[in-house]
Amino acid sequence: MPSLATRAVLLSFTLVCVLAQPKKGFEVATIKPNAEKDNRFMMPGGPQGGTYKATGVTLKMLIMYAYGVRAAFQVAGGPSWIGTERWDIQAKVAGETPVTRDQFLQMLRDLLEDRFQLKARRESKEMPVYELVVAKNGPKLTPHTGGAPKPEDRIRIRYGSLQFRQGTPAGLAFQLSVQLGRTVIDKTGLTGEYDFNLEWAPEPGQGGLEGIGLPPDPNLPLAPADPNRASIFIAIQEQLGLHLESQKGPVEMVVIDSVEKPSAN
């Protein structure tokens, strides 16, 4: 067995090797204003073939993903252009070793801090939230049967409409957070996977592309197309047998202290 002194030397050598490992980063990256001027966007979850390419995305969307918050209301501060001006990003990962998700998110944060001069901090705030609970007469949920749906069929969101295949109550709570602009916490106690269909009459400030960090869609109607539809709160109870209760709780926020538009690449 190695002596105590020998083990200390080996430990020190191991720590030096770990600390000496190069930090993952992008070898080269270009960020340019999006030239298409339409509502199409593409933001993959990570590099593909050593290259990360995002198209038509806003800085707010990038911040949401890089800092791990789910909805646009969780990004506070900063000028209005972070949620309206769109950008195209192409970045090549340095080296050939695949990167983990955590490594990529750190790389993306580093890129935003470098090119947008972003200074942001995480903060937990006590804010109004909703708790998603089972309604008085019990749930009206359809258990998912059969195989996994195609990725494009798993979730479909339209103005005043949400279709969710093979989803969980926690996943539904997240989608409702985006629609309502307020954190929704799953307190149903339900397990399993379900197919959700929900239709409602959107009110001003509900839904829309702003919930995911994009500019408002000028083609959305100012009033619901079907005035006979119920509000989202009533629709959740009548169609799903669930209920939203207003509470207060901690909400993770990303607070922007300063940011600038990137210079020409």
Side-chain angles (χ1 to χ4, degrees), residues 25-94 99 101 104-105 107-118 120 150-164 174-175 177-179 181 202 204-223 225 254 256 258-265:
F26 292 116
E27 182 179 313
V28 62
T30 59
I31 300 178
K32 298 179 180 179
N34 176 255
E36 298 301 324
K37 307 299 183 184
D38 57 25
N39 282 328
R40 291 180 296 174
F41 71 93
M42 178 185 69
M43 192 172 76
Q48 299 176 356
T51 300
Y52 182 70
K53 185 176 181 180
T55 305
V57 297
T58 65
L59 177 57
K60 181 172 284 190
M61 292 179 72
L62 293 166
I63 291 172
M64 288 164 58
Y65 185 66
Y67 285 83
V69 296
R70 295 183 167 189
F73 70 87
Q74 291 175 274
V75 178
S80 61
W81 62 261
I82 68 170
T84 57
E85 298 196 17
R86 294 171 178 260
W87 307 89
D88 295 341
I89 298 177
Q90 185 162 330
K92 180 175 174 55
V93 179
V99 297
R101 182 176 183 275
F104 172 68
L105 294 181
M107 291 164 58
L108 187 56
R109 290 193 294 268
D110 291 343
L111 181 66
L112 300 182
E113 291 170 6
D114 178 44
R115 297 299 181 86
F116 287 91
Q117 298 299 300
L118 175 67
K150 296 178 181 179
E152 60 270 24
D153 294 332
R154 184 173 293 275
I155 182 166
R156 295 183 178 182
I157 302 174
R158 298 180 178 86
Y159 191 59
S161 174
L162 172 62
Q163 295 180 344
F164 206 177
F174 163 61
Q175 296 299 335
S177 297
V178 176
Q179 295 296 315
Q206 292 180 358
L209 297 175
E210 303 98 309
I212 60 172
L214 285 169
D217 185 350
N219 296 317
L220 285 181
L222 296 178
V254 176
I256 298 174
S258 62
V259 67
E260 298 177 10
K261 293 182 183 180
S263 58
N265 293 278

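What you see is a predicted model; the values in this text were computed from it and never measured.
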Any donor-acceptor N/O pair, [X] side chain to [Y] backbone, under 3.5 Å:
X   : Y    : result
E85 : I82  : no
D88 : G56  : yes
R70 : S177 : no

What are the two closest heavy atoms between [X] and [Y], and how far apart are they?
X    : Y    : answer
V259 : P79  : CG1-CD, 3.4 Å
V99  : P47  : CG2-CG, 4.0 Å
A29  : L111 : CB-CD1, 3.8 Å
A72  : E210 : CB-O, 3.1 Å
P215 : T58  : CD-CG2, 3.9 Å
M61  : I212 : CG-O, 3.2 Å

Roughly how far, to the nearest 0.5 Å, is [atom2] of [Y] from [atom1] of [X]?
X    : Y    : atom1 : atom2 : value
L162 : Q175 : CG    : CD    : 6.0 Å
R154 : F164 : CZ    : CZ    : 7.5 Å
D153 : Q163 : CG    : CD    : 9.5 Å
L112 : Q117 : CG    : CD    : 11.5 Å
I155 : F174 : CD1   : CZ    : 8.0 Å
R115 : F26  : CZ    : CZ    : 10.0 Å

Candidate pair R86 and E36, rule side-chain contact (heavy atoms from CB on, under 4.5 Å), full reasoning: CA-CA 9 Å; R86 294 171 178 260; E36 298 301 324; over 6 Å; no
Side-chain heavy-atom pair V178, I157 within 4.5 angstrom cut-off: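 No; the side chains remain at least 4.5 Å from each other.
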side-chain contact (heavy atoms from CB on, under 4.5 Å) between M43 and L62, intermediate numbers included: CA-CA 9 Å; M43 192 172 76; L62 293 166; 3.8 Å; yes
Ring pair (Phe, Tyr, Trp, His ring centres under 6.0 Å) contacts touching residues 43-83 (sequence neighbours left out): Y52-F104
